[in-house]
Amino acid sequence: MKNIIIAPSILSADFANLEKEILKIEKAGADWVHVDVMDGRFVPNITIGAPVVKSIRKITKMLFDVHLMIVEPIKFVKDFAAAGSDFITVHTEACENNLDETIDLIKSFGVKAGISIKPKTPVSVIEKILHKVDLVLIMTVEPGFGGQSFIMEALPKISEVRELIAKEKLDHIHIEVDGGINSETAKLAVSAGANALVAGNYVYKAENTALTIASLRKLVL
Ligand code: DX5
Ligand code: ZN
């Protein structure tokens with residue numbers, strides 16, 4: 001069985017009890033903490049910034065998978081790196097002229113670099129930069145909000161990235177999916193080639209967090 005990474009999104013957590021909510025997913029077997037950063041410009045919603053990442057960094061040793069849904073992410077990479085991010089993922093749509101530079105900057109801080117594409121963005125836009133990144137995040141909802149339904153049309157893009165990675169012998173790159181993940185859509189995403197799953201509502205609204213995480217890993221079905 002493939003080793004599937006589960007990255008619950010704290011966007012669906014109770015922000016009044018963030019420490020408890022992070023320890024809850026750690027105890028339940030999560031691998032990474034997915035942090036959704038939104039600026040009200042790239043997406044129509046505002047969430048949290050680097051100071052919050054810095055504060056919650058002390059709570060856990062789980063890897064911090066920081067998803068920047070912001071315009072001009074290059075301006076904030078330094079802050080999020082200093083706050084203790086392990087992965088920083090930027091959107092190709094947000095760095096049309098400086099994608100290379102942004103990825104290089106992330107890596108210059110010793111942080112792993114990710115690139116993300118929205119549901120309507122084709123895989124071709126990441127082809128040239130693929131060899132430089134550690135993670136490709138394929139959005140399976142329009143970014144901006146938790147709790148939306150998985151967009152099936154995004155599924156072939158996962159296989160497309162998996163093929164590209166195989167062709168270029170870049171198998172160390174994670175393929176992560178984000179949006180509308182539950183035990184059913186997780187199965188589809190993993191069969192298409194994903195190895196890391198972000199899940200907000202499915203994990204945080206569950207009665208039994210450990211069983212829910214295990215069901216995403218297919219340990220329990
Ligand atoms: C959406 C965010 C996602 C979101 C996932 O813009 O990037 O990480 O929180 O939430 P669910 O799993 O509830 O769709
Ligand atoms: Zn996300």
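Both ligands and their constituent atoms are indexed starting at 1 by order of listing.
Looking at ligand 1, you'll find an N or O of D178 within less than 3.5 Å of one of its N or O atoms. Below 3.5 Å of separation, one finds no N or O of M38 facing any N or O of ligand 1. At least one N or O atom of S9 sits closer than 3.5 Å to an N or O atom of ligand 1. Polar contact check, L11 against ligand 1: no nitrogen or oxygen pair lies under 3.5 Å apart. At under 3.5 Å, a nitrogen or oxygen of G180, whether backbone or side chain, sits near a nitrogen or oxygen of ligand 1.
Near P143, the atoms of ligand 1 lying under 4.0 angstrom from a non-hydrogen atom of the residue are 6 (O). Listed by number with element, the atoms of ligand 1 under 4.0 Å from a non-hydrogen atom of H34 are 8 (O). When each atom of ligand 1 is checked for a heavy atom of M139 under 4.0 Å away, the hits are 7 (O). Taking a cut-off of under 4.0 Å to the non-hydrogen atoms of N201, the atoms of ligand 1 that pass are 11 (P), 12 (O), 13 (O). Residue contact check: H67 has heavy atoms under 4.0 Å from atoms 7 (O) of ligand 1. Residue G179 approaches ligand 1 through these ligand atoms, each under 4.0 Å from one of its heavy atoms: 14 (O). Interface atoms of ligand 1 facing M69, defined by a heavy-atom separation under 4.0 Å, are 6 (O), 7 (O).
Only protein N, O or S atoms were scored, and 4 of them lie under 2.8 Å from the Zn ion (ligand 2).
Residue T212 comes nearest to V203 through the heavy atom pair CG2-CA, 4.2 Å, listed as atom of the first residue, atom of the second, then distance. When every heavy atom of L197 is checked against every heavy atom of A186, the shortest pair comes out as CD1-CB, 3.7 Å. Here the closest heavy-atom approach between residue A192 and residue R162 is recorded as O-CB, 4.1 Å.
One finds the CD1 atom of I88 at 8.0 Å from the CZ atom of F80 (value rounded to the nearest 0.5 Å). In this structure, L105 CG and D100 CG are separated by 12.5 Å, a value rounded to the nearest 0.5 Å.
Shown are V52, L11, V53, D65; of these, the side chain to side chain contact (heavy atoms under 4.5 Å, CB included) with V35 is made only by V53. With H67 as the partner, the side-chain hydrogen bond (donor to acceptor under 3.5 Å, both in side chains) test is satisfied by one option alone out of T89, D36, T47: D36.
At a heavy-atom distance under 4.0 Å, only backbone atoms of A199 (N, CA, C or O) approach ligand 1. Of all the heavy atoms of V198, the ones lying under 4.0 Å from any atom of ligand 1 belong exclusively to the side chain. At a heavy-atom cutoff of 4.0 Å, ligand 1 is contacted by the backbone of F145 but not by its side chain.
A cation-pi arrangement, defined by a distance under 6.0 Å to the six-membered ring centre and an angle within 45 degrees of its axis, is absent between K24 and Y204.
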Working for salt bridge (charged side-chain N to carboxylate O under 4.0 Å, His left out), residues K75 and E72: CA-CA 6 Å; K75 288 188 180 168; E72 298 186 87; 3.3 Å; yes
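No chain of hydrophobic side-chain contacts below 4.5 Å, direct or via other Ile, Leu, Val, Met, Phe, Trp or Tyr residues, connects W32 to I48.
No donor-acceptor distance shorter than 3.5 angstrom exists from the side chain of N195 to the backbone of H174, with no hydrogens or angles considered. No donor-acceptor pair closer than 3.5 Å links the side chain of S85 to the backbone N or O of V66. Side chain of N45 to backbone of F145: no donor-acceptor contact under 3.5 angstrom is found. At least one donor-acceptor pair under 3.5 Å links the side chain of R57 to the backbone N or O of T60.
Residue, atom and distance of the protein heavy atom nearest to atom 10 (O) of ligand 1 are G146 CA, 3.6 Å. The closest protein non-hydrogen atom to atom 13 (O) of ligand 1 is G147 N, 2.8 Å. Summary of contacts: the protein heavy atom closest to atom 12 (O) of ligand 1 is G200 N, 2.7 Å. At the top of the distance list for atom 6 (O) of ligand 1, counting protein heavy atoms only, stands G144 N, 2.8 Å. The closest protein non-hydrogen atom to atom 9 (O) of ligand 1 is D36 OD2, 3.1 Å.
For NZ of K205, the number of neighbouring non-hydrogen atoms (other residues, nucleotides, ligands) closer than 6.0 Å is greater than 12. Within 6.0 Å of the NZ atom in K54, the count of heavy atoms belonging to other residues, nucleotides or ligands does not exceed 12.
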